[in-house]
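Since the structure comes first, as structure tokens, the remarks are kept for the end.
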Amino acid sequence: MDPEADAARLRAAAAAGKPGAYRAYAELLTGRGRLDEALPWWARAADAGDAEASRTLAICHKDRGEFAEAERWYRTAADRDGGCAFGLARLLQEAGDTAGAERWYEHGAALGSVECKTNGAVLLAARGEWDTALARLAEASAEGDDVAAHSRRAIQGMLRDLDGWRAALALAEAEGDPEEAYEALRELLDPERRAMFERYPRMVAEAEALYARAAAVGGAKALVDQALFIARDDSRWAEARALVERAHERGYDGAAYVLGVWAEENGELRTAEEWYRTADAADGGHMWACFNLGVLCVRQRRLAEAERWLRAAGVDGVDRIDGVEEGFEESFDEGEERIAAALRDIVAIRADPERMPPAEWEERLPGLRARAEEGGPDAWFAYADALDRLYRLPEAAEWYRKAGTPRALLALGRMLYEGGGAKGLRMVPYYEPAAAEGDAGAAYDIGRIYDEARDRRTAQIWFRRAADLGHGRAAWWLGWTSEERGGDPQHAERWYVRAARRGLVPPAFLAGRSMVRRGACAEAEPLLRMACEGEHAEAPYWLAEALRGLGREEEAERWLRVAAQAYPDLLHQYGDMARLALRDPS
């Protein structure tokens, strides 16, 4: 049957309200990537009581970052459909509403959803209700859910390990041996167990309790590991730091290094340097404290000092900094490779005036300092900005904090996060005041921080805010996620167009290609010309396709020749038009 005739028939049936036609036509449009046109038909099907249509609508809106609308559609059928109950529970869980998620998993399980039974059981295990969780996972496994079977085995193995750690620790406690107490728990810190702690937070509490017992035997190292688990909860950050400080007071040299890392990640640069120096001053020195000090100094352009610290970290066989070349470190281990790379970076910085402190700002500094001492927030910001440009980061941080304006806090956050070694969500508060005032770049940066923290939902919310404020890269990100993760080319195209309006070449190409694929060649042409001017590798071919679609064959062939001349290897992936371009014109 002719596909277009079939589509016309389905549309007519849907318009007439025939049973099943709403969904059939919606599925056809969705399969063709025409989701905008499909959504109203999915909505009609959902309004007619089709639970699967409700779930499809919710998924589409969720993929578009329209979470309230997704929740609304899930709720229209969650009372009677296990799939919608499952989707709603997942949505609530991702939003941090664990109680709501548990209720809907429970409800979905009662409706017969084995996925709800499994996920609900995993949530119970996450808070330590092991027996109930295992019983429900056994039921779900018996119903054929492989995820449930895998989760049940993982939890059983985890509990066996927990019993083993407790028994080994009890022996060390009975003997009063601090080292044995610490060694009994060493496997808890295996990187392969990281996913276990993320999925089952109750295990974090169990590990913390075990290390507290080991510390009570007298082991200072156990205090540090107890603190590492406590530090997973931001609200207990001060408690965690106090434990590590106590370990340092009790003579554990490694505690100073941990305190240095934490201070650096929090943007406390002077404190970080002090703790790294303390760690290195201990008997035998500390390789990674030296390395981190070297990197701190590189960031602040204290290059001679940086070189001394990096050499103190130790790379055998490197006698001269300009001898650390690519390939030299083939026999190095990972740590040595990082040291060699840092030494090469020093060479590159010294050779590039653009990466050194600008002399003109050094000359302006005394005047800016004088105005800062007499002035207010604007003068303080100006002085902080000059210090920042001169890589005097700790001083700049003090003056940015003193200024305290949204602009100053944003500059401080960027300085610390992008160039100062700070990490994680603790940096978000520096960006929020500027974002609240409508700064698109600040909103984008918050989205990026959450994206790096693997919190896609929150990242998507912030990228949407940034894009609505006119941020091109945020719009590009939204388009890419909509197309690549959500399979929604129409929604993606709109975001690509918005990104292209901000002068970005790759999304201009992506928007133009999308338009050519759906036959909108006139709309595509200016975007693809922009991409060609930006030297995008694939743009000439797609511009030729657009011109051919507009009936301008001679122009199309000229652009194909451009593509063939500039990107012959790339062009081979295309079809008949590519062969036309690649043939010998003689």
Side-chain angles (χ1 to χ4, degrees), residues 55 58-76 78 83-109 113 115-129 132-133 136 147 151 194-208 229-240 423-433 435-436 442-466 474 477-478 481 485-486:
R55 185 164 59 87
I59 291 169
C60 292
H61 286 293
K62 181 182 176 184
D63 285 340
R64 289 183 169 192
E66 298 161 354
F67 299 110
E69 192 70 1
E71 183 175 341
R72 182 176 77 83
W73 282 110
Y74 275 133
R75 288 188 183 277
T76 62
C84 282
F86 177 80
L88 177 57
R90 282 282 303 273
L91 190 72
L92 295 172
Q93 185 177 352
E94 290 165 3
D97 183 1
T98 304
E102 286 188 12
R103 285 195 301 272
W104 282 105
Y105 282 138
E106 187 78 23
H107 184 78
S113 168
E115 294 87 359
C116 280
K117 185 177 289 186
T118 296
N119 277 31
V122 169
L123 272 186
L124 292 174
R127 67 166 186 251
E129 295 187 27
T132 305
R136 293 188 183 179
V147 174
S151 297
R194 188 172 301 155
M196 173 185 78
F197 291 116
E198 290 176 359
R199 190 169 195 194
Y200 303 105
R202 178 61 195 175
M203 286 301 296
V204 175
E206 297 283 2
E208 177 194 336
F229 284 100
I230 289 174
R232 290 168 176 261
D233 181 349
D234 273 347
S235 68
R236 300 177 66 192
W237 175 250
E239 181 185 351
K423 293 181 181 177
L425 300 181
R426 290 194 187 93
M427 292 294 105
V428 169
Y430 291 115
Y431 295 81
E432 287 177 325
Y444 173 77
D445 287 342
I446 295 173
R448 193 160 49 88
I449 292 170
Y450 277 106
D451 195 34
E452 289 171 2
R454 297 183 297 176
D455 183 347
R456 181 191 167 191
R457 175 193 171 95
T458 308
Q460 194 164 8
I461 290 168
W462 279 103
F463 282 133
R464 177 65 181 261
R465 291 182 191 176
W477 187 95
L478 289 165
T481 54
R485 297 178 183 175

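Excluded from the calculations below are hydrogen atoms, water molecules and symmetry mates; all remaining heavy atoms, backbone and side chain alike, are included.
Nearest heavy-atom pair across A443 and A435 is N-CB, 4.0 Å. Between C116 and A85 the shortest heavy-atom distance is SG-C, 4.1 Å. Here the shortest heavy-atom pairing between H107 and A78 reads CD2-O, 3.4 Å. When all heavy atoms are compared, the tightest approach of H61 to A70 is CB-N, 3.8 Å. Closest approach of A466 and A474 over heavy atoms only: CB-CB, 3.6 Å. The two residues R127 and R202 have their closest heavy-atom pair at C-CB, 3.7 Å.
Residues forming a ring-ring contact (aromatic ring centres under 6.0 Å, His included) with Y430 (at least two apart in sequence, or on another chain): none.
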### Message
Assess the residue pair R448 and D445 against the criterion (salt bridge (Lys or Arg N to Asp or Glu O under 4.0 Å)); give the C-alpha distance rounded to whole Å, side-chain angles, the decisive distance to 0.1 Å, and a yes or no.
### Response
CA-CA 5 Å; R448 193 160 49 88; D445 287 342; 3.2 Å; yes
### Task
Could you walk me through whether E71 and R75 pass salt bridge (Lys or Arg N to Asp or Glu O under 4.0 Å), step by step?
CA-CA 6 Å; E71 183 175 341; R75 288 188 183 277; 2.9 Å; yes
### Task
Begin from the C-alpha positions of E66 and R72 and carry the test salt bridge (Lys or Arg N to Asp or Glu O under 4.0 Å) through to its verdict.
CA-CA 10 Å; E66 298 161 354; R72 182 176 77 83; over 6 Å; no
### Message
Using side-chain contact (heavy atoms from CB on, under 4.5 Å), reason through Y444 and W462 one step at a time and then give a plain yes or no.
### Response
CA-CA 6 Å; Y444 173 77; W462 279 103; over 6 Å; no
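For the atom pair CZ (R232) and CD (E198), the distance works out to 7.0 Å, reported to the nearest 0.5 Å. Interatomic distance, W477 CH2 to Q460 CD, rounded to the nearest 0.5 Å: 5.0 Å. To the nearest 0.5 Å, atom CG of residue L92 and atom CZ of residue R103 are 8.0 Å apart. From Q93, atom CD reaches atom CZ of F86 across 8.5 Å, with rounding to the nearest 0.5 Å. The OH atom of Y200 sits 14.0 Å away from atom CD of E206, with the distance rounded to the nearest 0.5 Å. In this structure, CG on L425 lies 10.0 Å from CE on M427, to the nearest 0.5 angstrom.
F463 has its side chain out of reach of Y450: every pair of non-hydrogen atoms, C-beta onward, lies at least 4.5 Å apart. No side-chain heavy atom of E94 sits less than 4.5 Å from a side-chain heavy atom of F67. Between I449 and Y431, the closest side-chain pair of non-hydrogen atoms falls below 4.5 Å. Side-chain atoms of L123 and E129, non-hydrogen and from C-beta on, never get closer than 4.5 Å to each other.
In this structure, E69 contributes its side chain and C60 its backbone to no donor-acceptor pair below 3.5 Å. For the pair T118 (side chain) and E115 (backbone), a donor-acceptor distance under 3.5 Å is absent.
Residue W104 forms a side chain to side chain contact (heavy atoms under 4.5 Å, CB included) with just one option from N119, L88, L91, D97, and that option is L88.
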